[in-house]
Amino acid sequence: MAYEKELDAAKKAASLAARLCQKVQKALLQSDVQSKSDKSPVTVADYGSQAVVSLLLQRELSSEPFSLVAEEDSADLRKDGSQDILERITKLVNDTLANEDPLKPIDSALSTEDLLRAIDCGTSEGGPNGRHWVLDPIDGTKGFLRGDQYAVALGLLEEGKVVLGVLACPNLPLASIAGDNNKDSSSSSSSEEKGCLFYATIGSGTYMQPLDSKTDPVKVHVSSVENPEDASFFESFEGAHSLHDLSSSIANKLGVKAPPVRIDSQAKYGALSRGDGAIYLRFPHKGYREKIWDHVAGAIVVTEAGGIVTDAGGKALDFSKGKYLDLDTGIIVANEKLMPLLLKAVRDSIAEQEKEASSL
Ligand SMILES: Nc1ncnc2c1ncn2[C@@H]1O[C@H](COP(=O)(O)O)[C@@H](OP(=O)(O)O)[C@H]1O
Ligand SMILES: [Mg+2]
Ligand SMILES: [Mg+2]
Ligand SMILES: [Mg+2]
């Protein structure tokens, strides 16, 4: 299979980074002093996750040139007053790497300078030539803070095309979340098994396996629903990230009966790839520019499972332009049967919205 070595490395890196995030999220949720405005645990986990993925990929694929386009950089950590947090992150990463494989001798511990360097390996610009890894070390930061969904999202671009994607979703139940409209994770039963690892390589389909377990992977497929009345749709939990009103107007036009399933992060793409819902609608507020690390891994996980991912105008997403996606209005996902109907509903709803705005 093509990209076998890269896939092994990516799964290992994303799983280990997810373990680091789980540890931080647990401490964050248990902490009595936690306040909503305290973003430092998130920062620790974002940087730590990015360092772990960067180090693991370089170690496992040492014979290849390495380019990484990632969300975080070390600029803030190099400022005065950051020494404490820098030391916390370094300890967290060292502990995570030391526990990776108890049978293997532990590499010598990283210094704070090693950690900063590992984070800054992610400053590549990407583009149409060569290979670039693309990483969102924690996608769905807001969900992470709430104790809800988030994902470690890692993809590989080759000559501007996505060829591999891995999504580690520590809080996503292994069983379907179809019908879980607006249910937060704290209300789900504690016996529900959580933690999914989705992965796909170009031309080989999409697979899911439990995170942190050796259980065999299963091949997954998007929903085969053909009648939009039977479809349900995903959108961001955060209204600031996507226009919920526009999505609801599109869903009405299509005749969708179920209320939206609102969850954070690229866990939406993972859930779609196994058919938990049939449609994903994402319409950022005007002026927002989508970044590639928010969609690279999710896009291949869905397309290899039989889905279609386009912008609101029906064009495939172009990941070859650097860090940003150059988009018409939004991102939509559906199966082949629903996509033509969805595109029409999107066009009509946007036209109506524009007409209303111009008559004000
Ligand atoms: N105003 C905005 N509009 C659209 N997306 C936004 C946004 N502000 C932040 N985002 C992006 O939305 C991502 C989360 O998506 P979702 O809403 O599906 O959970 C964030 O990823 P991070 O959490 O990695 O920063 C961030 O990149
Ligand atoms: Mg993100
Ligand atoms: Mg992020
Ligand atoms: Mg962010």
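Order of listing sets the numbers, starting from 1, for every ligand and every atom in it. All values derive from a computational prediction rather than experimental measurement.
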Task: Within-cut-off N or O pair, I138 and ligand 1, under 3.5 Å - done: yes
Open item on the list: Does any N or O of ligand 1 fall below 3.5 Å from an N or O anywhere on I263, backbone included?
Closed with: no
Can you tell me which portion of [X] lies within the under-4.0 Å heavy-atom range of ligand 1? Options are side chain, backbone, both, or neither.
X: A240; value: backbone
X: D294; value: side chain
X: E290; value: neither
X: D139; value: both

Specify the closest pair of heavy atoms between [X] and [Y], including all atoms of both residues, with the distance to one decimal.
X: A258; Y: A231; value: CB-O, 4.3 Å
X: A118; Y: S54; value: O-OG, 2.8 Å
X: L343; Y: A312; value: CD2-O, 3.7 Å
X: L28; Y: F144; value: CD2-O, 4.0 Å
X: L86; Y: L116; value: CD1-CD2, 3.8 Å

Open item on the list: On a heavy-atom basis, I'd like to know which of R282, H285, E238 is closest to atom 13 (C) of ligand 1.
Closed with: R282
- [ ] May I ask you to check whether Y280 and F233 place their ring centres under 6.0 Å from each other?
- [x] no
Task: Neighbouring protein N, O or S atoms of the Mg ion (ligand 3) [cut-off: under 2.8 Å, no waters] - done: E71 OE1, D136 OD1, I138 O
How far is [atom] from its nearest protein heavy atom, and which residue and atom name does that atom have?
atom: atom 14 (C) of ligand 1; value: H241 ND1, 3.7 Å
atom: atom 10 (N) of ligand 1; value: Y288 OH, 3.1 Å
atom: atom 25 (O) of ligand 1; value: E71 OE2, 3.3 Å

Heavy-atom contacts with [X] under 4.0 Å: which atoms of ligand 1 show up? List them by number with element.
X: S265; result: 16 (P), 18 (O), 19 (O)
X: T141; result: 22 (P), 23 (O), 25 (O)
X: S236; result: 16 (P), 17 (O), 18 (O)
X: D264; result: 19 (O)
X: D136; result: 24 (O)

[atom1] of [X]: more than 12 outside heavy atoms within 6.0 angstrom?
X: E336; atom1: CD; result: no
X: K91; atom1: NZ; result: no
X: K344; atom1: NZ; result: no
X: K337; atom1: NZ; result: no

Task: Close approach of K268 to ligand 1, heavy atoms, under 4.0 angstrom - done: yes
Open item on the list: So is G140 touching ligand 1 or not, going by heavy atoms under 4.0 Å?
Closed with: yes
Open item on the list: Would R262 and F237 count as a cation-pi pair here, with the cationic atom under 6.0 angstrom from the ring centre and within 45° of the axis?
Closed with: no
TODO: In plain terms, say whether D264 and R146 are close enough for a salt bridge, that is, a side-chain N and a carboxylate O under 4.0 Å apart.
DONE: yes
Output a table of donor-acceptor pairs, distance under 3.5 Å, between side-chain atoms of residues 200-211 and any protein atom two or more places apart or on a different chain; print 'none' if there are none.
| residue | atom | partner | partner atom | Å |
| --- | --- | --- | --- | --- |
| T206 | OG1 | V301 | O | 2.7 |
| T206 | OG1 | A305 | N | 3.3 |
| Q209 | OE1 | K11 | NZ | 3.0 |

Task: Cluster link V218 to F198, ILVMFWY, side chain under 4.5 Å - done: yes
